Every structure is written in C-alpha cells, then in structure tokens.
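Below is one structure, written out as structure tokens, with a few remarks after it.
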Amino acid sequence: MTANSHQRTRDDHASETAEDYVEAIADAITQNGVCRSVDLVNFFSVTHATVNRTVARLQRDGYVTTAAYQPIELTEAGRRLATQSRRRHAVVYAFLRAMGVSESSAAADSEGIEHHVSDETLSMMKRVVEKGWPQA
C-alpha cells in the first residue's frame, strides 16, 4: 500500500458519518415528513449528544439546516450527498447479490463497502450488475 491509499482510506472514513447521516435524514423525511434528532438517536442507537455533535458538523459543512427544537432539513448539498450515497450502496449491494452473497450479508457488507470503493471499482461493479460477468 502507498501513502496515497492510506490517505484515501482516512478521507473515506472522514466522510462516512456524513454520508450515513444524510441518508438517514433523507429516509426519515421520506417516511415521516420530517426528521428530528430523536429519529437519528433511535436509528443509530447513539446518544442525543452524539447526534447533536454530528448534526452541528453537518450544518457547519453545509449539508443540513436546523435550529433548536426544529426538524433537521437537508440542504441541496445534503440531498445530493444522500442520493450519491444511496446509488453507491445500491450498486455495491446488487454486485454482492450477483456474486451469490446472501441478502442479509449483502445488506450488512454493502453498508461499509459503499464508503470505500473507488469510482473505478464502482463503475466495474455496475457494469457486472447490468451486463453480467466479462468473458475471459
């Protein structure tokens, strides 16, 4: 491994929480019409303090807007990130299923892999899902 690959892994870890949270916020808004901190507390099984810190960071980075005792709203950047993350997740999940991985394992594994797969690898995964395995 090179220093660049280690840096990419660190960068991927840094964005992982933001991606997970904007996806969860988008899902809560779709299901309930709003997203409140308690929805995230329950979804991630974390404390209110953890959610508050993470939402503050998302707000600082321009992904959400909120105020005390108000729902959490996604900004345009937050909606884009949630959509991008969902698409990556769907491709990885479909690829794992195409390999014969069980539904439950594919669901669990795709949740982590989606954050670390390169665009090149994701593109090839999508190609396999859409066109099948390349012939040798």
Side-chain angles (χ1 to χ4, degrees):
M1 286 193 126
T2 66
N4 285 342
S5 61
H6 288 292
Q7 182 60 49
R8 189 180 130 221
T9 299
R10 285 190 297 276
D11 292 344
D12 290 345
H13 281 298
S15 66
E16 194 170 337
T17 299
E19 292 171 3
D20 285 343
Y21 267 72
V22 296
E23 268 189 282
I25 293 165
D27 289 346
I29 291 170
T30 298
Q31 293 171 358
N32 309 322
V34 296
C35 179
R36 300 196 178 275
S37 293
V38 69
D39 299 324
L40 300 175
V41 166
N42 293 332
F43 182 81
F44 291 111
S45 296
V46 297
T47 66
H48 282 279
T50 297
V51 167
N52 290 341
R53 279 193 306 272
T54 304
V55 169
R57 193 167 52 247
L58 292 173
Q59 192 165 16
R60 177 200 70 203
D61 293 345
Y63 295 119
V64 302
T65 59
T66 191
Y69 306 106
Q70 295 299 309
I72 302 163
E73 307 256 345
L74 290 171
T75 63
E76 184 58 36
R79 285 189 293 278
R80 276 194 310 271
L81 183 60
T83 298
Q84 176 187 16
S85 187
R86 278 190 188 129
R87 285 182 184 148
R88 293 175 71 82
H89 185 118
V91 169
V92 172
Y93 176 83
F95 177 77
L96 293 174
R97 293 292 292 144
M99 288 186 354
V101 175
S102 70
E103 279 187 49
S104 61
S105 289
D109 293 345
S110 62
E111 189 57 48
I113 294 170
E114 74 180 79
H115 302 292
H116 301 282
V117 65
S118 70
D119 289 340
E120 176 187 7
T121 301
L122 189 70
S123 175
M124 294 308 291
M125 287 176 161
K126 185 175 180 183
R127 183 172 160 221
V128 166
V129 168
E130 292 174 350
K131 298 180 181 181
W133 294 93
Q135 299 302 312

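If you're wondering where the values come from, they're calculated on a predicted model, not measured in any experiment. We're numbering straight along the sequence, starting at 1.
- In this structure, the side chains of V22 and Q84 stay at 4.5 Å or more apart for every pair of heavy atoms.
- Under the 4.5 Å side-chain contact rule for hydrophobic residues, V51 and V38 do not share a cluster.
- In terms of heavy atoms, E103 sits closest to Y93 at CG-OH, 3.6 Å.
- At least one side-chain heavy atom of D20 sits under 4.5 Å from a side-chain heavy atom of E16.
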Exercise. Taking it one step at a time, do K126 and D119 satisfy salt bridge (Lys or Arg N to Asp or Glu O under 4.0 Å)?
Worked result: CA-CA 10 Å; K126 185 175 180 183; D119 289 340; over 6 Å; no
For this session: Decide yes or no on side chain to side chain contact (heavy atoms under 4.5 Å, CB included) for S37 and N52, but give the supporting numbers first.
Result: CA-CA 7 Å; S37 293; N52 290 341; 3.9 Å; yes
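- V128 has its side chain within reach of P134: a pair of non-hydrogen atoms, C-beta onward, lies under 4.5 Å apart.
- Of all heavy-atom pairs spanning D39 and V34, the tightest one is OD2-O, 3.9 Å.
- Taking the six-membered ring where the residue is Trp, F44 and Y21 present parallel rings, their angle staying beneath 30° rather than reaching 60°.
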Exercise. Could you walk me through whether T75 and R80 pass the side chain to side chain contact (heavy atoms under 4.5 Å, CB included) check?
Worked result: CA-CA 9 Å; T75 63; R80 276 194 310 271; over 6 Å; no
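- I72 has its side chain out of reach of L58: every pair of non-hydrogen atoms, C-beta onward, lies at least 4.5 Å apart.
- Between the side chain of R88 and the main chain of V117, a donor-acceptor pair closer than 3.5 Å is present.
- Between R97 and V129, the closest side-chain pair of non-hydrogen atoms is not below 4.5 Å.
- Minimum interatomic distance between S110 and H89 (heavy atoms only, all atoms of both residues): OG-NE2, 3.2 Å.
- The minimum heavy-atom distance between P71 and T66, with the atom names listed, is O-OG1, 3.1 Å.
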For this session: In sequence, state the C-alpha distance, the side-chain angles, and the governing distance for R86 and V91, and then conclude on side chain to side chain contact (heavy atoms under 4.5 Å, CB included).
Result: CA-CA 9 Å; R86 278 190 188 129; V91 169; over 6 Å; no
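- For E120, the CD atom counts as loosely surrounded, since its 6.0 Å shell holds 12 or fewer non-hydrogen atoms of other residues, nucleotides or ligands.
- Side chain of T83 to main chain of R79: a donor-acceptor pair is present (N/O by atom type, distance under 3.5 Å, no hydrogens or angles).
- Separating the CD atom in E76 from the OH atom in Y63 is a distance of 12.5 Å, to the nearest 0.5 Å.
- Between L40 and C35, the closest side-chain pair of non-hydrogen atoms falls below 4.5 Å.
- Between V92 and H115 there is no side-chain heavy-atom pair separated by less than 4.5 Å.
- W133 and M125 fall within the same hydrophobic cluster, defined by Ile, Leu, Val, Met, Phe, Trp and Tyr side-chain heavy atoms under 4.5 Å apart, directly or through other members.
- In this structure the side chain of V41 never reaches within 4.5 angstrom of the side chain of T47, judged on heavy atoms.
- Taken together through direct or relayed side-chain contacts under 4.5 Å among Ile, Leu, Val, Met, Phe, Trp and Tyr, M124 and M99 form parts of separate hydrophobic clusters.
- Cluster membership for L81 and L122, using ILVMFWY side-chain heavy atoms within less than 4.5 angstrom, is not shared.
- A26 and L74 make their closest contact through CB-CD1, 3.7 Å (heavy atoms, listed as atom of the first residue, atom of the second, distance).
- Annotation for E19 and S85: closest pair CB-OG, 3.8 Å, computed over non-hydrogen atoms.
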